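This report refers to the structure that appears directly beneath it.
All residue numbers refer to positions in the sequence shown, counting from 1. These numbers were taken from a predicted model, which means no experiment stands behind them.
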Amino acid sequence: MTDKALPEPWLRGRLTEMPSVHRAVLHALELAGEDLQRWCGQLSDEQLNHRPAQTASVAFHLRHISRSLDRLLTYAEDRSLNTEQLRALRSEGNPDATHKELFDELSAALALSAVRIRNLIHSDLEATRTVGRDKLPTTVGGLLVHVADHTQRHVGQAITTAKIVLAQ
């Protein structure tokens with residue numbers, strides 16, 4: 001079976017030993033990596049950093065996916081963001097990204113996130129957590145679901161931007 005013939009990760013019959021929420025989040029991250037490589041992997045450094053109509057670049061979305069995974073999972077682990085995470089947040093829009101840096105960071109973030117999600121298997125999904133300076137209320141389960149939906153939102157934006165850049 002070739003890559004093009006593979007069904008989406010959630011239909012491949014894998015990770016069946018995982019609880020359903022964790023499994024769904026892991027499948028969403030796996031799909032994100034595959035889709036970003038397929039649709040954005042051929043872009044040059046210049047194309048990755050291009051901002052058509054002053055929209056966010058593909059580079060921004062790739063960095064934001066990688067770094068927001070770290071931040072969201074930090075909250076799920078009931079920890080506060082550190083100075084390195086805050087510095088990384090402020091640099092997500094920098095226009096100097098290289099293909100290698102972006103995809104290396106994405107690959108590492110997806111792999112580490114999968115480990116961190118697996119480490120949350122025995123966590124109570126209803127356990128309260130807070131997000132950000134304002135300590136906005138959520139739960140472990142809410143954060144895990146948001147990891148999946150937020151990642152997929154930015155995958156879609158990156159792919160759309162890539163298609164626009166390639167058409168120009």
Euclidean distance, [Y] [atom2] relative to [X] [atom1], rounded to 0.5 Å:
X	Y	atom1	atom2	value
E77	I117	CD	CD1	9.5 Å
R71	L143	CZ	CG	12.5 Å
N49	N94	CG	CG	9.5 Å
T161	W39	OG1	CH2	14.0 Å
R133	S80	CZ	OG	12.0 Å

Please tell me if the side chains of H154 and L36 come closer than 4.5 Å, counting only heavy atoms from C-beta onward.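 SC-SC contact between H154 and L36 ruled out.
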
Close side-chain approach of L81 to L89, heavy-atom, < 4.5 Å: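 No; the side chains remain at least 4.5 Å from each other.
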
So which pairs with a foot in residues 115-137 pass ring pair (Phe, Tyr, Trp, His ring centres under 6.0 Å), sequence neighbours left out?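 Ring pair (Phe, Tyr, Trp, His ring centres under 6.0 Å) check on residues 115-137 returns no pairs.
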
Scan for ring pair (Phe, Tyr, Trp, His ring centres under 6.0 Å) pairs involving residues 68-93, sequence neighbours excluded, and state none if there are none.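 Qualifying pairs, neighbours excluded: none.
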
For H22, enumerate each residue passing the ring-ring contact (aromatic ring centres under 6.0 Å, His included) test, keeping only those at least two apart in sequence or located in another chain.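 H22 satisfies ring-ring contact (aromatic ring centres under 6.0 Å, His included) with no residue once adjacent residues are dropped.
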
Which residues pass the ring-ring contact (aromatic ring centres under 6.0 Å, His included) test with H50, not counting sequence neighbours?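 Applying ring-ring contact (aromatic ring centres under 6.0 Å, His included) to H50 gives none.
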
With S44 via side chain to side chain contact (heavy atoms under 4.5 Å, CB included) - residues at least two apart: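 Side chain to side chain contact (heavy atoms under 4.5 Å, CB included) check on S44 returns E46, Q47.
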
After noting the C-alpha distance and the side-chain angles of E30 and H27, does the key distance pass the side-chain hydrogen bond (donor to acceptor under 3.5 Å, both in side chains) rule? CA-CA 5 Å; E30 188 176 353; H27 285 152; 5.1 Å; no

Which heavy atom of T151 sits nearest a heavy atom of A32, and at what distance?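 That closest heavy-atom pairing would be CG2-CB, 3.7 Å.
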
Using side-chain contact (heavy atoms from CB on, under 4.5 Å), reason through T139 and D124 one step at a time and then give a plain yes or no. CA-CA 9 Å; T139 62; D124 176 5; over 6 Å; no

Does the pair L69 and V147 meet the rule for a side-chain contact (heavy atoms from CB on, under 4.5 Å), with working shown? CA-CA 6 Å; L69 286 170; V147 162; 3.4 Å; yes

Candidate pair E8 and E34, rule side-chain contact (heavy atoms from CB on, under 4.5 Å), full reasoning: CA-CA 9 Å; E8 290 186 3; E34 290 173 7; over 6 Å; no

Only pairs under 3.5 Å count here: list side-chain donor-acceptor contacts from residues 100-107, not counting sequence neighbours, and write none if there are none.
residue	atom	partner	partner atom	Å
K100	NZ	D104	OD2	2.6
E101	OE1	T98	N	3.3
E101	OE1	T98	OG1	3.2
E105	OE1	R67	NH2	3.3
E105	OE2	R67	NE	2.7

Note: R63-D96 ion pair, threshold 4.0 Å (strictly below):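 Looking at R63 and D96, the cut-off is met.
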
Hphob cluster co-occupancy, I164 + F60, side-chain heavy atoms under 4.5 angstrom: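 No: no chain of side-chain contacts under 4.5 Å links I164 to F60.
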
